[in-house]
Structures are given as C-alpha cells and as structure tokens.
Amino acid sequence: MLQFNVTGLPAPFVEWLYPKSAKLEGRVLKDSDGYLKITNLEPSDAGLYQVTVRNRFGADHAIIVLQVDVPPSIRFKSWKQDVVIGREYWLTCDILASPPPNVSWYAAGEL
C-alpha cells in the first residue's frame, strides 16, 4: 500500500499517476486520504508513481519509486545442445528476477 499524509483546508483532491506499463484495472483501490492499494502486484507494476494534491489554494506532488521484487527463476530447466569440437559455444539461460541475481555456472559440480 502506498500512502502519503495528505492535509489541507479545504480537503485537497488527490490524484495518482501510474507507469504506463502497470495494468492496474481491477487491482487498485484509492481513497481521499492519500492511500493507493494495489492488489496482486506484478513485475510490470514497478516504476514511478506520482501523487498530486490540490485545492483552490494550491497544489503539491510527490513521487515514489515502486520496485517489485521477484524471486529468481530459470525458464528452461534443462536442454541438450550438440556442438562441434574446437568451436566456441556460449551457454545461456533465461532468468526472471528483480533485482537481478548473481549467476554462477557449474560443470560436473565445479565452478
């Protein structure tokens, strides 16, 4: 839940701006006290969120950086690749994680 302490007389109007990558439809609750609650966070929800408050006497805004941590996972658990002796070959893997993990490679149990 993102929250800011909102004060003002008369009570200010609160407006939130989200990153374009965040698809929040049906997963966000807002109230006039400055709360923004996002349910079922997804990696695409990460980014800059801006809250703006305004009444007839003025306006103010704040920015929060939301980072959505994702435990590391490897998309391909195992595969077979035929290679030619004496040639160069790059082993690759597709890793999803946030923040980016440290990656270690082992062959026959050794680094």
Side-chain angles (χ1 to χ4, degrees):
M1 182 179 319
L2 305 177
Q3 176 189 3
F4 285 88
N5 186 16
V6 177
T7 59
L9 285 174
F13 171 75
V14 178
E15 178 183 33
W16 285 92
L17 297 176
Y18 324 121
K20 289 182 180 184
S21 62
K23 309 292 186 223
L24 300 177
E25 189 171 318
R27 300 186 301 119
V28 66
L29 300 170
K30 300 181 266 188
D31 72 14
S32 60
D33 292 329
Y35 289 94
L36 178 74
K37 181 178 183 181
I38 304 168
T39 59
N40 300 318
L41 280 169
E42 299 176 3
S44 61
D45 297 333
L48 297 177
Y49 287 71
Q50 179 177 313
V51 61
T52 301
V53 293
R54 66 174 52 90
N55 64 19
R56 67 178 186 228
F57 297 109
D60 198 4
H61 75 276
I63 295 175
I64 186 168
V65 178
L66 179 66
Q67 177 179 319
V68 179
D69 292 335
V70 178
S73 66
I74 301 172
R75 279 218 262 183
F76 303 104
K77 298 293 183 186
S78 64
W79 64 93
K80 180 183 177 201
Q81 182 67 47
D82 294 326
V83 296
V84 177
I85 291 176
R87 295 268 176 101
E88 182 178 275
Y89 182 76
W90 288 86
L91 298 173
T92 64
C93 65
D94 190 7
I95 300 170
L96 174 65
S98 179
N102 294 324
V103 178
S104 299
W105 288 87
Y106 295 87
E110 300 207 12
L111 185 63

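The structure displayed is predicted, hence computed values, not measured ones.
For Ser73, the side chain to side chain contact (heavy atoms under 4.5 Å, CB included) partners at least two apart in sequence or on another chain are Leu96. Scored by the side chain to side chain donor-acceptor pair (under 3.5 Å) test, Ser44 finds no partners at all (sequence neighbours excluded). Residues meeting the side chain to side chain donor-acceptor pair (under 3.5 Å) test with Glu25, sequence neighbours left out: none. Scored by the side chain to side chain contact (heavy atoms under 4.5 Å, CB included) test, Ala97 finds Pro72, Ile95, Pro101 as partners (sequence neighbours excluded). Not counting sequence neighbours, the partners of Arg75 by the salt bridge (charged side-chain N to carboxylate O under 4.0 Å, His left out) test are Asp94. Scanning for side chain to side chain contact (heavy atoms under 4.5 Å, CB included) contacts around Pro19 gives Ser21, Ala22, Tyr49, with sequence neighbours left out. Remark: Leu91 pairs with Tyr89, Trp105 by the side chain to side chain contact (heavy atoms under 4.5 Å, CB included) rule, at least two apart or across chains.
Between the side chain of Ser98 and the backbone N or O of Val68 there is at least one donor-acceptor pair closer than 3.5 Å.
The nearest pair of heavy atoms linking Pro99 to Gln67 is CD-NE2, 3.6 Å. Contact between Pro10 and Asn55 at its shortest, heavy atoms only, is O-ND2, 2.8 Å.
Note: the hydrophobic cluster containing Ile74 also contains Val103 (ILVMFWY, side chain heavy atoms under 4.5 Å, direct or indirect links). Residues Leu36 and Ile64 fall within the same hydrophobic cluster, defined by Ile, Leu, Val, Met, Phe, Trp and Tyr side chains chained together at heavy-atom separations under 4.5 Å. Residues Val28 and Trp16 fall within the same hydrophobic cluster, defined by Ile, Leu, Val, Met, Phe, Trp and Tyr side chains chained together at heavy-atom separations under 4.5 Å.
Interatomic distance, Thr39 OG1 to Leu29 CG, rounded to the nearest 0.5 Å: 6.5 Å.
A heavy-atom distance below 4.5 Å is not found between the side chains of Tyr18 and Ile38.
Each salt bridge (charged side-chain N to carboxylate O under 4.0 Å, His left out) pair with one or both residues in residues 44-72, not counting sequence neighbours, appears once here: Glu15-Arg54, Arg27-Asp45.
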